[in-house]
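Structure first, commentary second.
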Amino acid sequence: MERKQIEQLAEKFIKGKIDYPEKVNPRVQEITLRLLTDLMQAINDLHITADEYWAGVEYFADLGKEAGLLSPGLGLDHFMDLMIEEDLQAAGLDGGTVRTIEGPLYVAGAPVEKGFARLDDGTDLENGTVLFMQGTVYDEAGKPIPNAQVEVWHANSLGNYSFFDESQSEFNLRRTIITDENGNYGFRSIVPLGYSVPDDGMVKKLLDALGRHGHRPAHIHFFASAEGYRKVTTQINIDGDEYLWDDFAFASREGLVPEVKMVDDAAQLKEKGLDKAYASIDFDFHLVKDIDKPVQGSEVERRRAQL
Ligand code: DHB
Ligand code: FE
């Protein structure tokens, strides 16, 4: 089919039959027209057969709630980060801690603690290595920000997240930490294992057909924010993980792989009440002042689990 004909058809399907003009959302209309045109063009160019087309429709029908997992696997979460960064840069809001994807496994409403929190419920110590992570939230001038909010969430030693993994206790490995008067935060937890997409799921099905794995390197998620500053969505990766630069979600970034120090010094172990070496990570957050102009990327609206 000729391009002109495809464009005319898409135009007709989307704009040729408007029964309720007062209900039209022009933005939805514009996006639908563009996506439909591009889809029909692809069907034409690749000669997608009817069998293949219906397999695709059925894939989406079965995908359902897994759509939020397909998006990172196709690199689209990371792509949206790059788009956000373009907008931030254009608005002079670049700099600060590098952002990376939120992922689909955040749960709102985690317990709030001042300065320091213990994230794990103590049930994962057989497999897990104890982790202490600490740092400071700074402004652009390098001044610590007291009362900044550090929201942290991560997987357990099997790569599973509480809430989605119902075998874990409520809010296990999830906390909101408010920085102390010196802008410091700290927490005790366990070193996570990288998450993998469910074996029996629809995302795995597509990844298999693409010859790709569905593993993420071990990582810890953060939202860091403070009054008057732009919220940053980011993660740190655990250095040494075999998937460190082979993330199925393409979310590993320079600047987000802090050194992991193993501490086995007797005095320090005693102080922490531990009998085995623990991991220690230092990581600071750098926030950028907000401006009045609306620029996407600070508070991203999306459906999130809530407890
Ligand atoms: C997915 C899981 C994660 O833990 C994450 O950080 C990003 C993506 C996923 O299931 O697609
Ligand atoms: Fe994750």
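Any value given below was found using the heavy atoms of this structure, including those in side chains, with hydrogens, waters and symmetry copies removed. For ligands, and for the atoms within them, numbers begin at 1 and follow the listed sequence.
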The complete set of salt bridge (Lys or Arg N to Asp or Glu O under 4.0 Å) pairs with one or both residues in residues 255-268, sequence neighbours excluded, reads Lys261-Asp282
For Tyr161 and Tyr106, run side chain to side chain contact (heavy atoms under 4.5 Å, CB included): C-alpha distance rounded to whole Å, both residues' side-chain angles, the deciding distance at 0.1 Å, then the answer.
CA-CA 9 Å; Tyr161 286 80; Tyr106 170 80; over 6 Å; no
Across all chains, not counting sequence neighbours, the salt bridge (Lys or Arg N to Asp or Glu O under 4.0 Å) partners of Asp19 are Lys17
Count of protein N, O or S atoms below 2.8 Å from the Fe ion (ligand 2) equals 3
_Would you say that Tyr59 contacts Leu70 through its side chain, given a criterion of any heavy-atom pair below 4.5 Å between the two side chains?_
yes
His213 side chain near Phe248 side chain, heavy-atom distance below 4.5 Å: yes
Identify all N/O pairs between ligand 1 and the protein with a separation under 3.5 Å and present them as a table of atom names and distances.
from     : atom 1 : to     : atom 2 : distance (Å)
ligand 1 : 4 (O)  : Tyr161 : OH     : 3.0
ligand 1 : 4 (O)  : His219 : NE2    : 3.4
ligand 1 : 6 (O)  : Arg216 : NH1    : 2.4
ligand 1 : 6 (O)  : His219 : NE2    : 3.1
ligand 1 : 6 (O)  : His221 : NE2    : 2.9
ligand 1 : 10 (O) : Tyr195 : OH     : 2.9
ligand 1 : 11 (O) : Leu69  : O      : 3.4

Same cluster (ILVMFWY, side-chain, under 4.5 Å), Phe116 and Leu274 = yes
Is any side-chain heavy atom of Asp208 closer than 4.5 Å to one of Lys204?
yes
Per side chain to side chain donor-acceptor pair (under 3.5 Å), Asp247 is matched among Arg216, Arg253, His219, Gln235 by Arg216
(message) What I'd like to find out is whether the side chain of Phe132 reaches to under 4.5 Å of the side chain of Val263, using heavy atoms alone.
(response) no
